[in-house]
Amino acid sequence: MLQQTQVTKVLEYYQKFVDRFPDVVSLAGAELQDLLKTWEGLGYYARARNLHKAAQVVVRDLEGHIPVDYAAFRKLPGVGEYIAAAVQSIAFNAPYAVVDGNVKRVLARLFLVKTPINRSASTRIFQEKANQLLDHSVPGIFNQALMELGATVCRPKSPTCVVCPVNAYCQALQMARQSEFPVRQKPKPLPEYHVVAAVIHRDDQVFITQRKPEGLLGGLWEFPGGKIQVKETAEQACVRAIREETNLLVEPIEYLTRVKHAYTHFKIVMDVFHCHYQSGEVVLNEAIDYRWITVNQINQFPFPRSNHKFIPLLTQGKEDYNE
DNA sequence: AAGGCGGGGAA
DNA sequence: TTCCCAGCCTT
């Protein structure tokens, strides 16, 4: 959960998660949909899928025992260098140094590392520095201390160097160039797409589809839609996209709202329409499953944040489009 | 080595 | 708006 996610955000989910899946057996035996529902809103849903797989490997192949050695633990799905080092050092006192965003920032300032931290080439450099610094007598404590230093003192902006316990060793501070480190490669601007989503009504039900299990928002449910093409109105795009994705013929009835949302690699502006089901049998294209549900069943399915931005509007007496 | 993969809090 | 968060996996 903590991968690329702030601790305060994880705290909203962690207790709920371990209450629901208290051990590796319950996690391995759970339905992925239930995991995703508990994970809903936390993002990076591959983490939940990998955690599910890892639990199943532990139960099926390892007799329910979490591997105690680094190499075996590292092989589990979703376990990379950081998680392996963190768990092995903190839980088992094994001498492995962690390198996360905090550690990179601290080390970049301490040693004036000029390699951009968002380039893969920097990983080896920071890992070697961390390995050299690691206190082998208390590796778990050392790792957490270095991360905590980065989170509380050696912050990205306005670090409080005056209270830093290692300020005497900081090369960036000596040159008064803390703000220049760590170096970061300029990110490319995010492309923005104009898309539509359809709330298709038929009797007292609405139509939702499930995304394929891998990739963006894998396994989540959503109100179907698609990109608006050039020289096409939003309504036209709505009808075309729904026909392409579901084979259903629909009629846009009322404009609901506009939603803006940012993903890791692009941004969307999404126009949402209430639509009447007109005709056709469901034939899915990209989606792997569908449901006709009532609005009050929506909370039984994991939806992406972009959909949650308009879902509340569906339950405010606006769902009556039967006639 | 680069890019895909969420969402939100802080500045 | 921009930055960046206790990273990992695929291409």
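Protein chains get the first letters and strands the later ones, always in sequence-line order, with residue 1 at the start of each.
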Please give me every residue in [range] whose heavy atoms get under 4.0 Å of an atom in DNA chain B, ordered by residue number.
{"range": "residues 34-43 of chain A", "value": "G41(A), L42(A), G43(A)"}
{"range": "residues 301-309 of chain A", "value": "P304(A), R305(A)"}
{"range": "residues 124-139 of chain A", "value": "none"}

- Query: Contact class for E148(A) (heavy atom, under 4.0 Å): base, sugar-phosphate, or nothing?
  - Reply: nothing
Using atom types as modelled, flag every donor-acceptor pair under 3.5 Å from a side chain in residues 159-172 of chain A to any protein atom, sequence neighbours excluded.
| from | atom 1 | to | atom 2 | distance (Å) |
| --- | --- | --- | --- | --- |
| N167(A) | ND2 | C161(A) | O | 3.1 |
| N167(A) | ND2 | C164(A) | O | 3.2 |

Which donor-acceptor pairs under 3.5 Å do the side chains of residues 150-157 of chain A make with protein atoms, sequence neighbours left out?
| from | atom 1 | to | atom 2 | distance (Å) |
| --- | --- | --- | --- | --- |
| T152(A) | OG1 | E148(A) | O | 2.8 |
| R155(A) | NH2 | S158(A) | O | 2.8 |

Euclidean distance, atom [atom1] of residue [X] to atom [atom2] of [N] [Å, nearest integer]:
{"X": "E12(A)", "N": "dG9(B)", "atom1": "CD", "atom2": "C1'", "answer": "10 Å"}
{"X": "R211(A)", "N": "dC5(B)", "atom1": "CZ", "atom2": "P", "answer": "9 Å"}
{"X": "Y82(A)", "N": "dC5(C)", "atom1": "OH", "atom2": "P", "answer": "12 Å"}
{"X": "Y44(A)", "N": "dA6(C)", "atom1": "OH", "atom2": "C1'", "answer": "14 Å"}
{"X": "K9(A)", "N": "dG6(B)", "atom1": "NZ", "atom2": "P", "answer": "16 Å"}

- Not counting sequence neighbours, list each pair that qualifies as a side-chain hydrogen bond (donor to acceptor under 3.5 Å, both in side chains) and has a residue in residues 89-104 of chain A. S89(A)-N143(A), D100(A)-N102(A), N102(A)-R105(A)
- Task: Can you tell me which residue pairs pass the side-chain hydrogen bond (donor to acceptor under 3.5 Å, both in side chains) test with a partner in residues 123-132 of chain A, sequence neighbours excluded?
- Result: R124(A)-E128(A), Q127(A)-N131(A)
- Message: Does a side-chain N or O of Q4(A) approach OP1 or OP2 of dG7(C) to a distance below 4.0 Å, or not?
- Response: yes
Write down the protein N/O and nucleotide N/O pairs, taken from nucleotides 9-11 of chain C, whose separation is under 3.5 Å; answer none if there are no such pairs.
| from | atom 1 | to | atom 2 | distance (Å) |
| --- | --- | --- | --- | --- |
| dC9(C) | OP1 | G78(A) | N | 2.5 |

Under 3.5 Å, which donor-acceptor pairs link side chains of residues 296-303 of chain A to any protein atom two or more places apart or in another chain?
| from | atom 1 | to | atom 2 | distance (Å) |
| --- | --- | --- | --- | --- |
| N296(A) | OD1 | T294(A) | OG1 | 2.5 |
| Q297(A) | OE1 | T294(A) | N | 2.8 |
| Q297(A) | OE1 | T294(A) | OG1 | 3.2 |

- Under a 4.0 Å heavy-atom cut-off, which of residues 99-111 of chain A touch DNA chain C? D100(A), G101(A), N102(A), R105(A)
- Message: For N247(A), give me all partners under side chain to side chain contact (heavy atoms under 4.5 Å, CB included), at least two apart in sequence or on another chain.
- Response: V283(A)
- Which residues pass the ring-ring contact (aromatic ring centres under 6.0 Å, His included) test with Y193(A), sequence neighbours left out? F266(A)
